[in-house]
Chemist: 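Input: one structure, supplied below.
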Amino acid sequence: VQLQASGGGLVQAGGSLRLSCAVSGRSFSNYDMGWFRQAPGKEREFVAHISWSGSRDYADSVKGRFTISRDNAKPAVYLQMNGLKPEDTAVYYCAAPPLGVSTINPRSYVYWGQGTQVTVSS
């Protein structure tokens with residue numbers, strides 16, 4: 001599984017961005033997918049997760065503002081980010097755990113994209 005994230009950029013507080021993660025590899029529809037982020041000097045943290053069946057989980061800090069979705073036909077996974085805040089500034093990564101594993105723990109994810117920078121100005 002290879003992942004390619006895109007869509008980051010500079011946006012003012014209150015604005016929106018949509019991150020995309022193109023996926024290559026077989027059996028994408030059977031994998032859970034996740035988005036994580038890492039701000040300077042901080043550990044990588046969970047943002048959102050979508051299971052192979054479509055169930056979703058969100059970090060409390062983004063709940064109600066971010067939406068994760070997937071398109072198994074593309075295949076790709078997306079992160080729609082609305083109401084952005086300066087504290088959302090980070091490098092955002094899409095990732096996948098091993099097939100059959102459903103988790104929000106970044107240490108359990110084995111496939112990672114290269115990251116895309118999101119900067120929110122106040």
Side-chain angles (χ1 to χ4, degrees):
V1 178
Q2 293 183 319
L3 310 174
Q4 179 80 26
S6 62
L10 173 63
V11 63
Q12 288 188 331
S16 299
L17 282 174
R18 187 189 192 216
L19 305 184
S20 299
C21 179
V23 182
S24 61
R26 294 185 292 181
S27 303
F28 166 74
S29 61
N30 296 326
Y31 283 85
D32 284 26
M33 296 293 297
W35 284 96
F36 299 84
R37 66 187 181 187
Q38 188 166 18
K42 294 189 176 182
E43 291 191 354
R44 192 168 298 187
E45 65 175 5
F46 165 73
V47 175
H49 160 262
I50 186 166
S51 74
W52 65 270
S53 63
S55 62
R56 297 167 173 86
D57 300 285
Y58 297 96
D60 288 342
S61 59
V62 308
K63 205 169 290 183
R65 300 187 296 124
F66 291 11
T67 302
I68 189 171
S69 62
R70 66 189 297 159
D71 184 342
N72 291 336
K74 289 283 188 183
V77 63
Y78 305 99
L79 186 69
Q80 177 66 44
M81 306 186 294
N82 299 327
L84 282 161
K85 305 175 181 180
E87 51 263 43
D88 294 319
T89 295
V91 177
Y92 283 70
Y93 300 88
C94 58
L99 188 63
V101 174
S102 186
T103 178
I104 64 172
N105 184 348
R107 292 184 174 84
S108 297
Y109 282 66
V110 295
Y111 305 104
W112 290 87
Q114 84 288 4
T116 185
Q117 176 71 47
V118 172
T119 303
V120 184
S121 63
S122 57

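What you see is a predicted model; the values in this text were computed from it and never measured.
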Chemist: If you count the non-hydrogen atoms of other residues, nucleotides and ligands that lie under 6.0 Å from CH2 in Trp52, is the total more than 12?
Modeler: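 No, not enclosed.
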Chemist: Calculate, to the nearest 0.5 Å, the distance between atoms OG and CD belonging to Ser24 and Gln4 respectively.
Modeler: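 Ser24 OG to Gln4 CD: 9.0 Å, rounded to 0.5 Å.
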Chemist: I need the minimum non-hydrogen distance between Arg37 and Asp88, along with the two atoms involved.
Modeler: NH1-OD1, 2.9 Å
Chemist: Working to the nearest 0.5 angstrom, can you tell me the gap between Ser122 OG and Glu87 CD?
Modeler: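 Separation between the atoms: 10.0 Å.
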Chemist: Could you grab the distance from atom CG of Leu19 to atom CD of Gln80, nearest 0.5 Å is fine?
Modeler: 9.0 Å
Chemist: Within this structure, what is the OG1-CZ distance for the pair Thr67 and Arg18, rounded to the nearest 0.5 Å?
Modeler: 10.5 Å
Chemist: Between Trp35 and Ser20, what is the shortest heavy-atom contact and its length?
Modeler: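 Of all heavy-atom pairs spanning Trp35 and Ser20, the closest is CH2-O, 3.7 Å.
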Chemist: Determine whether the aromatic ring centres of residues Tyr93 and Tyr109 are separated by less than 6.0 angstrom.
Modeler: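 That pair fails the under 6.0 Å test.
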Chemist: May I ask you to decide if the ring planes of Phe36 and Phe46 are parallel, tilted or perpendicular, using 30° and 60° as cut-offs?
Modeler: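 Aromatic pair Phe36/Phe46 classed perpendicular.
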Chemist: In this structure, would Trp112 and Val101 fall into the same cluster of hydrophobic residues linked by side-chain contacts under 4.5 Å?
Modeler: no
Chemist: Does the side chain of Tyr92 reach to within under 4.5 Å of the side chain of Cys21, using non-hydrogen atoms?
Modeler: no
Chemist: Look up atom OH in Tyr58 and atom CG in Leu79, then write down how far apart they are to the nearest 0.5 Å.
Modeler: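 If I round to the nearest 0.5 Å, the distance is 8.0 Å.
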Chemist: Does this structure show an ion pair linking Asp60 with Lys63, if we count only N-O contacts that are shorter than 4.0 Å?
Modeler: yes
Chemist: With a 4.5 Å cut-off on side-chain heavy atoms, are Met33 and Val23 touching?
Modeler: yes
Chemist: Between Arg70 and Tyr31, is NZ or CZ placed under 6.0 angstrom from the six-membered ring centre and within 45° of the ring axis?
Modeler: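 No, a cation-pi geometry is absent between Arg70 and Tyr31.
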Chemist: Which pair of non-hydrogen atoms, one from Ser102 and one from Asp32, has the smallest distance, and what is that distance?
Modeler: OG-OD2, 2.6 Å
Chemist: State, to 0.1 Å, how close Thr103 and Ser108 come at their nearest heavy-atom pair, and which atoms those are.
Modeler: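 Looks like CG2-CB, 3.6 Å.
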Chemist: Are Tyr78 and Val47 linked, directly or through intermediate hydrophobic residues, by side-chain heavy-atom contacts shorter than 4.5 Å (ILVMFWY only)?
Modeler: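 Different clusters.
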Chemist: Is Leu3 reachable from Ile104 through a run of hydrophobic residues whose side-chain heavy atoms are each under 4.5 Å from the next?
Modeler: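 No, Ile104 and Leu3 fall in different hydrophobic clusters.
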Chemist: Taking the side chain as every heavy atom from C-beta outward, state whether Val11 and Met81 have any pair of such atoms under 4.5 Å apart.
Modeler: no
Chemist: Does Val77 belong to the same Ile/Leu/Val/Met/Phe/Trp/Tyr cluster as Val110, with side-chain heavy atoms less than 4.5 Å apart forming each link?
Modeler: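 They do share one cluster, since a chain of ILVMFWY contacts under 4.5 Å joins Val77 to Val110.
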Chemist: Any idea which heavy atoms bring Thr89 and Gln117 closest together, and the distance?
Modeler: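 Shortest heavy-atom separation between Thr89 and Gln117 comes out as CG2-NE2, 4.1 Å.
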Chemist: After noting the C-alpha distance and the side-chain angles of Phe28 and Val1, does the key distance pass the side chain to side chain contact (heavy atoms under 4.5 Å, CB included) rule?
Modeler: CA-CA 8 Å; Phe28 166 74; Val1 178; 6.0 Å; no
Chemist: Classify the side-chain pair Ser16/Asn82 by whether it contains a donor and acceptor separated by less than 3.5 Å.
Modeler: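 A donor-acceptor contact under 3.5 Å links the two side chains.
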Chemist: Leu84 and Leu17: which non-hydrogen atoms are nearest, and at how many Å?
Modeler: CD1-N, 3.9 Å
